[in-house]
Number of protein chains: 2
Amino acid sequence: MSEEIKAIQSRMERRDAAENRQRILVAAHKLFEQHGVDQVSMNQIAAEAQIGPGTLYRRYANKGELCLDLIKDSVVRFFEDIEQYLLQNQQEPPDHRLKGILKIYMPFIEKKAQLLTGGKGSASAQRLPYQSQNPLYNKMHQIAVELFDEMAAADHPSPNSIFKADMLLIAISIDSYFYQRDVRGYSPDEILEHLCSTFIKGV
Amino acid sequence: MSEEIKAIQSRMERRDAAENRQRILVAAHKLFEQHGVDQVSMNQIAAEAQIGPGTLYRRYANKGELCLDLIKDSVVRFFEDIEQYLLQNQQEPPDHRLKGILKIYMPFIEKKAQLLTGGKGSASAQRLPYQSQNPLYNKMHQIAVELFDEMAAADHPSPNSIFKADMLLIAISIDSYFYQRDVRGYSPDEILEHLCSTFIKGV
DNA sequence: ATATTAAGCGGAGAGCTCTCCGGATGTCAA
DNA sequence: TTGACATCCGGAGAGCTCTCCGCTTAATAT
């Protein structure tokens with residue numbers, strides 16, 4: 001009876017484990033809203049969820065992973081929005097479509113910035129090569145690469161769409177975005193325009 | 001007699017303090033070389049220098065600051081190289097000069113990466129807006145802005161040289177650079193070419 | 001030489017991240 | 001139902017960052 005399920009995920013999650021996961025999520029959500037993500041420690045979350053620290057760390061190696069789980073649904077919805085947008089604007093030129101994607105992206109990170117930044121100061125998060133832990137990155141990169149390729153298709157098949165996409169993505173990473181907004185003082189619209197004139201020539 | 005000195009820096013550094021600073025620098029240098037920057041804790045440095053943790057933190061709020069002090073001279077020398085290069089190539093077009101600067105920059109961060117990255121996982125370092133704590137940033141930015149301005153001078157006085165310079169600088173930040181090198185697998189030369197074709201059009 | 005005082009020292013300790021492992025407990029097969 | 005066992009729990013504890021504060025000491029004024 002459980003053969004098929006076991007095939008899908010090698011072992012069922014135990015009931016107590018599932019319950020604890022829920023408690024963690026609820027506790028974290030509550031504390032994050034109350035005090036802000038940065039101000040809440042894994043210890044506090046464990047205490048609020050009434051579990052031991054070991055139990056918490058078993059599931060989430062650091063605060064970042066926990067945050068990611070907390071916004072998983074939002075991320076899925078975000079990519080659904082992107083997909084729908086791309087579908088409805090197939091006939092538009094690729095540069096226009098890329099700009100449209102940025103227009104969807106920016107409000108999203110404005111809203112989810114805290115959770116996306118997550119636990120930046122975590123020791124184990126340091127090891128990861130870059131920001132690839134961010135689930136947005138790979139998917140967004142893929143989309144951007146395709147659009148850059150399409151933009152360059154007519155001319156030369158410039159092999160650096162991958163590079164360009166990386167550059168665009170770090171340009172709109174949380175840190176960079178808020179640096180432009182808060183330190184340089186640009187409005188989101190100005191940032192968008194600057195992005196386009198820097199990375200997408202004729203828009 | 002000490003009036004003039006006091007005028008320069010409001011109070012002389014006490015002799016014991018100066019000695020401790022030296023001990024710290026020596027201890028840190030030794031440990032960093034022995035085990036790598038990441039693997040060495042502030043505690044260890046204090047112990048090796050035979051001072052209390054409080055004494056260490058009085059001078060360096062985190063490992064990053066200590067690292068910065070350790071490469072201060074290298075940074076000065078780096079900018080002297082830049083200045084000299086710019087002087088010797090005044091007649092070259094600005095895009096060529098910018099590429100030349102990148103050629104000087106890249107080996108520098110290859111050599112000093114560990115110390116430049118410093119104590120990334122430090123709590124107080126998190127607060128800082130971005131990577132402005134990096135002493136390279138502001139000066140490099142200023143230089144890049146001037147060159148971008150010069151590049152755009154003939155055409156329109158495009159007001160986004162500041163933005164472009166920011167984008168170029170995060171593109172060559174330690175994290176981004178090593179991501180391209182280690183994950184994407186580009187050689188330094190390839191990175192340089194991609195950078196030019198992305199940020200400096202006709203080079 | 002001595003007193004004054006700002007600067008510096010150092011260690012105790014709070015609170016954190018993360019690990020480890022003995023014991024408990026759900027799950028599945030028989 | 002029961003036994004076996006993989007999974008999970010929880011908390012002790014190592015080691016870290018960083019602060020606080022009473023004490024010490026170097027520099028200066030007298």
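Values below: all heavy atoms of this structure, side chains included; hydrogens, waters and symmetry mates excluded. Order of the sequence lines sets the chain letters (A, B, ...), proteins ahead of strands, with each chain counted from 1. Bear in mind that the values here come from a model prediction, so they are computed numbers and not experimental data.
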Between atom CD in B:E65 and atom C1' in D:dC18, what is the gap in whole Å? 13 Å
Could you state the CG-P distance from A:L56 to C:dC18, rounded to the nearest angstrom? 10 Å
Measure from CG on A:N62 to C1' on C:dC16 and round the result to the nearest Å. 14 Å
Please determine whether a side-chain nitrogen of the Lys or Arg among A:R184 and A:E190 lies less than 4.0 Å from a carboxylate oxygen of the Asp or Glu. no
Is A:E13 salt-bridged to A:R59, cutoff N-O under 4.0 Å? yes
Quick check on DNA chain D: between B:D16 and B:Q44, whose nearest nucleotide comes earlier from the 5' end? B:Q44
Nearest-nucleotide wise, let me know which of A:P53 and B:Q50 is further upstream toward the 5' end of DNA chain C. B:Q50
Could you tell me the separation between the CZ atom of A:R14 and the C1' atom of D:dA4, rounded to a whole number of Å? 14 Å
Salt-bridge test for A:R23 and A:E19: reply yes if a basic N is under 4.0 Å from a carboxylate O, no otherwise. yes
If the plane angle is over 60° it's perpendicular, under 30° parallel, otherwise tilted; pick one for B:F108 and B:F78. parallel
Assess the residue pair A:N20 and A:T55 against the criterion (side chain to side chain donor-acceptor pair (under 3.5 Å)); give the C-alpha distance rounded to whole Å, side-chain angles, the decisive distance to 0.1 Å, and a yes or no. CA-CA 8 Å; A:N20 279 334; A:T55 307; 5.6 Å; no
Spacing between A:Y57 atom OH and D:dC8 atom C1', to the nearest angstrom: 18 Å
As a test of reading the structure: which of C:dG8, C:dC16, D:dG11 is closest to the side chain of B:R58, going by heavy atoms? C:dG8
Rounded to whole angstrom units, what separation is found between the CZ atom of B:R59 and the P atom of C:dC9? 5 Å
Quick one: is C:dG10 close enough that its OP1 or OP2 comes under 4.0 Å of any side-chain N or O from B:T55? yes
Measure CG/A:N43 against C1'/C:dA14 and give the value in whole Å, please. 12 Å
Which part of the nucleic acid, if any, lies within reach of B:S41 when heavy atoms closer than 4.0 Å are counted: base, sugar-phosphate only, or nothing? sugar-phosphate
For a quick test of reading the model: is some side-chain N or O of B:N20 closer than 4.0 Å to OP1 or OP2 of C:dC9? yes
Expressed in angstrom and rounded to an integer, what is the separation of A:M42 atom CE from C:dT19 atom C1'? 13 Å
